[in-house]
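Here is the structure we will look at, set down as structure tokens.
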Amino acid sequence: MKAVLPAIARPLLEPQLPSDLEVSWWTSPADAKVMIADADIAWVDMQPTRLTEETLREAGDGLKWVSTIYAGLDAFPLDVLRSRGATLTNGVGINAIAVAEYAVLGVLAAAKRLDEVIRAQDRAEWLRDAPGKIELADTKAIVIGYGAIGRLIGDRLSAFGVEVTGVTRSGSNGTMTPDAWRARLGEFDWVVLAAPSTGETKSMIGEAELAAMKPGAWLINIARGDMIDDDALLEALRGGKLGGAFLDPTNPEPLPADHPLWSAPNCMISMHLSGRSQTKMFQRAAALFLRNLAAFRAGEPMENVADLDRGY
Ligand SMILES: NC(=O)C1=CN([C@@H]2O[C@H](COP(=O)(O)OP(=O)(O)OC[C@H]3O[C@@H](n4cnc5c(N)ncnc54)[C@H](O)[C@@H]3O)[C@@H](O)[C@H]2O)C=CC1
Ligand SMILES: O=C(O)C(=O)CO
């Protein structure tokens, strides 16, 4: 059995790999593309070493399991994997803590207008009044996408006294269903996006949704940039009714230097940095891969198997 694995994870994986597994370590997409031709297993990540759709198309017929550290699968050619009959396991949970902490950072930065405080510091200006005076306690948040990340955001915001409502696809465990949240948008001070980018969620926040939000409410996006209609967001930000937006991912990435969102009023952009966390992320990813490898070899069910039709 042959596996193509990322060299970056080699120190964590190699000591624990079974001796009869033949391994090639990729350091670049070009490496992966060659190595994958006769692999049974491939761990591929779309960034920073972007593996192209072409690579997965060119993989040999033996490729049965593709593993990734990514939770969001929107950049993966799911149709190619589906037509090959290959299993894709994702990285849901691996960086959920780091991302949830960024969402809370976004809410706190918006409440206290940390961006304005830091701009004043850059000017060596001593502010006489706080630019943001919102106390989180007794405010209300809706977290659209209440999965691994969304639930952690919910727990953390609840600890600040925020009343949290979650949205899931199924509406299970007291969450709202995707057809119910729009009618209630006007109730929330914080609208947090933590759902996967799929056909159902692309541009889910557009003109109508922004208009329905409570005056002064903030939009916090830690999911994917294409879930927001940027033209509508720019108009809402310029109109001043929206409190503002905290955007971790954007569409496209990197955001071009001349993109109007950079200079839009009341907009903070964190450059899709939220998922980065010291070494813990790789330790969790390696541990998950090794558990799944044992299951794959034993013909047992693996963890984090993506639903290729659903898209996450
Ligand atoms: N900014 C970053 O660095 C990161 C962003 N992400 C993004 O966050 C997304 C969520 O990640 P996880 O929580 O780990 O995934 P997850 O699979 O644990 O949770 C997804 C949640 O979204 C819900 N959902 C699905 N379709 C929905 C819809 N149409 N409307 C409302 N809710 C819907 C699901 O029911 C589930 O509760 C990922 O798909 C990825 O795009 C993930 C990791 C890092
Ligand atoms: O895991 C993901 O989907 C990410 O966006 C990581 O940054």
Side-chain angles (χ1 to χ4, degrees), residues 6 8 43-51 67-76 78 88-106 142-156 164-185 191-206 209 220-228 246-255 268-277 280-282 284-285 288 303-312:
I8 193 169
W43 173 341
V44 295
D45 296 319
M46 301 304 283
Q47 286 173 332
T49 48
R50 185 168 282 272
L51 187 89
S67 166
T68 182
I69 198 167
Y70 271 65
L73 304 178
D74 44 296
F76 278 77
L78 302 182
L88 175 65
T89 56
N90 63 33
V92 163
I94 284 172
N95 56 13
I97 293 173
V99 177
E101 287 176 354
Y102 245 84
V104 176
L105 171 75
I142 181 165
V143 182
I144 303 176
Y146 214 57
I149 297 172
R151 286 193 300 270
L152 294 185
I153 296 171
D155 292 348
R156 282 151 179 74
V164 178
T165 301
V167 181
T168 60
R169 203 160 181 248
S170 63
S172 55
N173 298 322
T175 58
M176 260 194 268
T177 48
D179 57 356
W181 58 266
R182 280 185 174 80
R184 290 188 47 195
L185 262 182
V191 175
V192 184
L193 303 186
S197 167
T198 64
E200 288 171 11
T201 62
K202 278 200 173 69
S203 299
M204 75 195 312
I205 301 293
E209 290 75 18
I220 312 288
N221 186 12
I222 55 78
R224 284 293 184 263
D226 64 3
M227 289 158 61
I228 300 175
F246 180 95
L247 310 174
D248 183 50
T250 59
N251 181 34
E253 293 181 359
L255 198 63
M268 290 183 247
I269 297 174
S270 62
M271 302 138 206
H272 205 147
L273 297 172
S274 70
R276 311 294 167 93
S277 70
K280 285 185 183 168
M281 181 174 116
F282 285 108
R284 287 191 202 106
L288 173 63
E303 296 172 43
N304 280 23
V305 174
D307 181 330
L308 299 177
D309 296 319
R310 200 180 58 176
Y312 68 98

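Counting starts at 1 for both ligands and their atoms, following the listed order.
- Residue G72 places a heavy atom under 4.0 Å from ligand 2.
- In this structure, N173 places its CG atom where only 12 or fewer heavy-atom neighbours from other residues, nucleotides or ligands lie under 6.0 Å away.
- K280 NZ: 12 or fewer foreign heavy atoms inside a 6.0 Å radius.
- Those atoms of ligand 2 with a heavy atom of R224 less than 4.0 angstrom away are 2 (C), 3 (O), 4 (C), 5 (O).
- Atom CD1 of I97 sits in a sparse spot, with 12 or fewer heavy atoms from other residues, nucleotides or ligands closer than 6.0 Å.
- The shortest N or O to N or O distance between A71 and ligand 2 is below 3.5 Å.
- If you take CZ on F282 and CD1 on I8, they are separated by 4.0 Å, rounding to the nearest 0.5 Å.
- Only the side chain of H272 comes within 4.0 Å of ligand 2, judged by heavy-atom distances.
- Listed by chain and number, residues touching ligand 1 at under 4.0 Å (heavy atoms only) are A71, G72, V92, N95, V99, I144, G145, Y146, G147, A148, I149, V167, T168, R169, P178, A194, A195, P196, E200, T201, I222, A223, R224, D248, H272, S274, G275, Y312.
- Across all their heavy atoms, E209 and L185 have their closest contact at O-CD1, 3.5 Å.
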Quiz prompt | Check against side chain to side chain contact (heavy atoms under 4.5 Å, CB included), I94 and N304 | solution = CA-CA 11 Å; I94 284 172; N304 280 23; 5.7 Å; no
Self-check item: side-chain hydrogen bond (donor to acceptor under 3.5 Å, both in side chains) assessment of T68 paired with D45
Solution: CA-CA 5 Å; T68 182; D45 296 319; 2.8 Å; yes
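- For ligand 2, the polar-atom distance check finds no N/O of Y70 at less than 3.5 Å from any of the ligand's N/O atoms.
- If you check which protein heavy atom lies closest to atom 6 (C) of ligand 2, you get N95 ND2, 3.7 Å.
- We find the CG-CD1 distance between L247 and I228 to be 5.5 Å, quoted to the nearest 0.5 Å.
- In this structure, the side chain of D248 does not engage the main chain of N221 through any donor-acceptor pair within 3.5 Å.
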